[in-house]
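Okay, so here's the structure we're looking at.
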Amino acid sequence: VPIVPEWAIQVLQVVTILALAPLVTGIIARAEAIVQQRRGPRVLQPYYDIIKLLRKETVLPGPAGPVFRAAPYVSFAGYATIPLLIPALTTFPLPLGYIADFFGVGLIFALTSFSISLAAVDSGSPYAQLGSSRLRSFGAFNEPTVIFVTFVLALTTHTDLPYAFGATLRSGAAAVLRPSHLLMIAAFFMLLLSETGRIPVENHGSTLEFGQIEEGRIVEHSGPGLAFLRWGSSVKQLLFYTIFMNVLVVPWGLASSGRLDVVALAIGLLFAKALVVGAAVVVIESSFAKLRLYKIPEFTVASFMFAVLAVVIFLFEPSFGDRNLSVFGAIATIAAVVVLLLEFGMLRSQDVWEQLRLYALGSAVVAALAFGTAATGHGNGELYVLGAVTIALKAMLFPLGIMFVLRRLEAGARVPSVIGVPSAILIAIVLCAFSFIALRPVHIGAEASLPLSALPVAVGGVLVAFLLMILRPYAPSQLLGFLVLENAVSVASLVIAPGLPIILALLLLFDVLIGVLVFVVLVQYLAVERIAVRTDVLNRLTG
Amino acid sequence: MTWSLYALLGVPLAAVLLTLVDGWRLARAATLVAGVISLGLAIRIAIAVEHGRVLIAAGGWLRVDSLGAVFLLATGLLYATAGVFSIGYLAVDQRQSDFPAFAKRYFAYLNLFGWSMLLVPLAADFGTLWVAVELTTIISALLVAIDRTDAALEASWKYILIASSGLGIALLSIIVLYATGTHVLGAEYVPRFERFLVHARGLSRDAVALAFVLSVVGFGTKVGFVPVHTWLPDAHSEAPAPVSALLSGSLLTAALYAILRFFQVTVATGQRSFAEHVLIVFGVLSLVVASLFVIRQGNYKRLLAYSSIEHMGIIALGVGFGAPLAVAGALLHVLTHASAKGLAFFGSGSLLRGYDTKEVDGITDAGRTMPWTGPMFLAAALALSGLPLSGVFRSEFEIVAGGFAKPQYVGVTLLLVFVNLAFFGIIWHAARMVLGRAPALDPDVPRPRESSRWMIAAMLVCLFVSVALGVHLPGDLTTLLHNAGARLAAPA
């Protein structure tokens, strides 16, 4: 098999990214259309668009100067430079791979964005200026997020070179499955959504100027300039996907030598990974609504907060380190982090139906953890029963039952938080950090066999559940808070006490069942007595 | 003797079934009989285990020793008397149209509540213990809300939300304990109490200490330890009086019993002074805050509720002092407090029926208008304040004496100061209610009067027990308390 020289791989890296990017964009658009039961554009449509635009003449707005004309090419040059710096195809650094570190990559991204914003100002169009000012203000928290994400990586690897990140993570899967790393992935994924202009931040295909951010900025461009901006924006998307997958999530499947077949395989795998991220994006775009403009900072702030939490947890994590990673440990850690993140979602949500859905999802994760625990030989086969009962009760009966009761009571769906969402999330993050700090000196005594780093995550979940109950003075939300609390305790129980006899576990669930019934009865009384289901009016008894 | 454990659990359940089959009169009779039988069985079990014997039943899932028997006695006494009192307390509403359904529901819940509280000291492992304690919460929340007034619903909602959340933390403590036990007991085992005690040396001290603190916070929510007591005054003041008596005298101590089981394990791992200090801190905090609230309270049922918090603080202090005398005193206090507080809440229920108000200011001259209830309510106040002749005096005296013997001067001093403060508060309010002279009465307005002999009978029983415990302890009870105390106290 022929060996591809390094300089050729270097070129290939850039070409691959540039060539694949419109295809990925096209596939996502098509998939989204199919999910939403439309026919959608052809997969190759982005290429046709680019070719069509390249043939068209350029129309310049009156006040536009050289800045406006140069911006598409400057930004595209920036996007074309970045593939040199990140591990797109190879595990080993290519000749130019070390000319800039992670901050360098960030700097080039910033330069491209800056040049487009400058062009928007130069165009004199109010829509373009609005788009660029929105991007600047909403994106204000994206840069600190990148910095904190880099901190976690740099603390792990003692360097800030993207190639080195990948290499260190590749050396042990345990590094990926730490709570701090998982949180960082969550933070980066949110950053990715906001940077690539996806829902919940921006509706990609929208032609409505009022909601536009990224699209608004380039509204005055036309002809080849617009072609390069469109192309550049899909390249940017693929670059984010590549960094996300090849550096943070699955730094495997890259070429470890220059052999032609290995390199070809790496290209195929890169494409496949990009499609996996694309699938996640499609799911999100089809299941959530775009945030109102003034809510967008909450989203970016939340992503920043996760990154901060990741750093804090990282500092306290080593004492929980699962040195010998097991499959059970991986499942447990992922499940605990996902349950925690869903709780954050409930904390953000102002809608009781959405909270119910998130709770049901969290219960399903708990059930999956029970199945996973049993499948990896911890606990015993009875955990399958527990998992099944968990799904039946907590993922289906409770949410549906509560939904039924609320529908019948005609209770309002809005459950606004007492304090703003960013402050609530900040408090929640402090609580999670507290749980890590408080549990640090505790030695359970079974470090060898149990994934103890999941324990503080679960305890953090318990604390956040309390916060949820305190911040929502609505009976249904408080009931959900109690159920979430119970979920977090279930995670802790499955993680550190998988051998708890099934009879006790079922008794616990039975107790919760009766508890929910009584809660529901009380909610009905409250509604019937016209106190309504708001509980902040319950303030007669004091002193 | 193991049959008595089954019988103790079977009788209240049988009563629940009987309440469902026929009218409210049968429900009433069944409750009365079930309560008295349960008390008898509790006494029988207590006598059987007083020398340290452990009764085990149901393949090891049920177990009672001398420590559990103390709490069984408290529950048995209040279950029986509350059944008697309820007959009179409900009779007032008898003419209302929805009374039969209401009474049936009430008696069914009451029996279930009694059953769940009897289950707590019979649990042999931490899991069952938690389940039983959570059951008591759920059932009593329904009882608190049974009047369906706005205030009752508010109290009930706060109660179930706060107590269930607290129990979530308690569950976490059990899980931590279980995890550290996997070291010596294998990956899968039933978390029985005695296994932890036997293998205490193999447990991680950190983890046990963490579990203990979590259990004090978690179960402490139900005990009413400050600062997690906020549900308690509401629930106690809004529940029907017999339920308040059960909540205060029996439910709070049942939760305390769960903490004592964790205390045993913690002590067994060689962390006695740590565990004692945790109890002392929570005890002092509860005592201080509750006695201050007692003074400024204008609602006499809330007053009694804060007094319950204070007494739970005293019991925690007694166990925390660790001297054998103090621990025995604390366990005796479980019984004396149950009888005195039962008397007080029954009295408050009778006053409520007579005067139709919960405000201290709304009641004057109760000593003459209600010649049985008034003096007995005053006697309850005196007993709760620990005056001689009452059982509370004996138990508090033992706690103080044990504290001096330890010595734990700071704790004892705080105890004495704030018990006196609460004394002033309670006596001041009770004396105004019972002895204060009413202004010239309007002859047209019907005077409050005693409404039922059943209520008086229940109060007389509680008064008798309260005084009897103060005048002379039966030899069997002394043995029982000594044996139970030895399970908690430092070896002399």
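As the structure is a prediction and not an experimental result, all values here were calculated from the model. In the text below, chain A, chain B and the rest are named by the order of the sequence lines, each starting its count at 1.
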- From the list B/T230, B/L167, B/L161, B/L210, the residue making the most non-hydrogen contacts under 4.5 Å with chain A is B/L161
- Answer whether the closest heavy-atom distance between the side chains of B/V243 and B/L247 falls below 4.5 Å. yes
- Message: Using side-chain heavy atoms (C-beta onward) and a distance below 4.5 Å, is B/F196 in contact with B/V208?
- Response: no
- Note on the structure: Counting heavy-atom pairs under 4.5 angstrom with chain A, the leader among B/S156, B/A145, B/A141 is B/S156
- Does a donor on one side chain and an acceptor on the other come within less than 3.5 Å for B/T269 and B/Q271? yes
- Query: Measuring heavy-atom distances to chain A, does B/I160 have an atom under 4.5 Å in its side chain, in its backbone, in both, or in neither?
  - Reply: both
- Query: Is it the side chain or the backbone of B/I169 that comes within 4.5 Å of chain A heavy atoms, both, or neither?
  - Reply: side chain
- Residue part contacting chain B, namely of A/F510, when any heavy atom lies under 4.5 Å: neither
- Message: I'd like to know whether CZ of B/F102 has more than 12 heavy-atom contacts from other residues, nucleotides or ligands below 6.0 angstrom.
- Response: yes
- Item | Residues B/E238, B/K358: salt bridge by 4.0 Å N-O rule | yes
- Task: Answer with side chain, backbone, both or neither: which region of B/F126 has an atom nearer than 4.5 Å to a non-hydrogen atom of chain A?
- Result: neither
- Side chain, backbone, both or neither: which part of B/N299 has a heavy atom under 4.5 Å from chain A? neither
- Taking the side chain as C-beta and beyond, is there a heavy-atom pair between B/L171 and B/E134 under 4.5 Å? no
- Side chain from CB out, backbone as N, CA, C, O: work out which of these in B/W231 comes under 4.5 Å of a heavy atom of chain A, or both, or neither. neither
- For each of A/L507, A/L500, A/I514, tally heavy-atom pairs with chain B at distances under 4.5 Å, and name the one with the top tally. A/L500
- Note on the structure: Checked B/A211, B/G127, B/S164, B/G186 vs chain A; the most non-hydrogen pairs under 4.5 Å come from B/S164
- Message: Please identify which of these residues, B/V120, B/D125, B/I174, B/I175, meets the side-chain contact (heavy atoms from CB on, under 4.5 Å) condition with B/W130.
- Response: B/I174
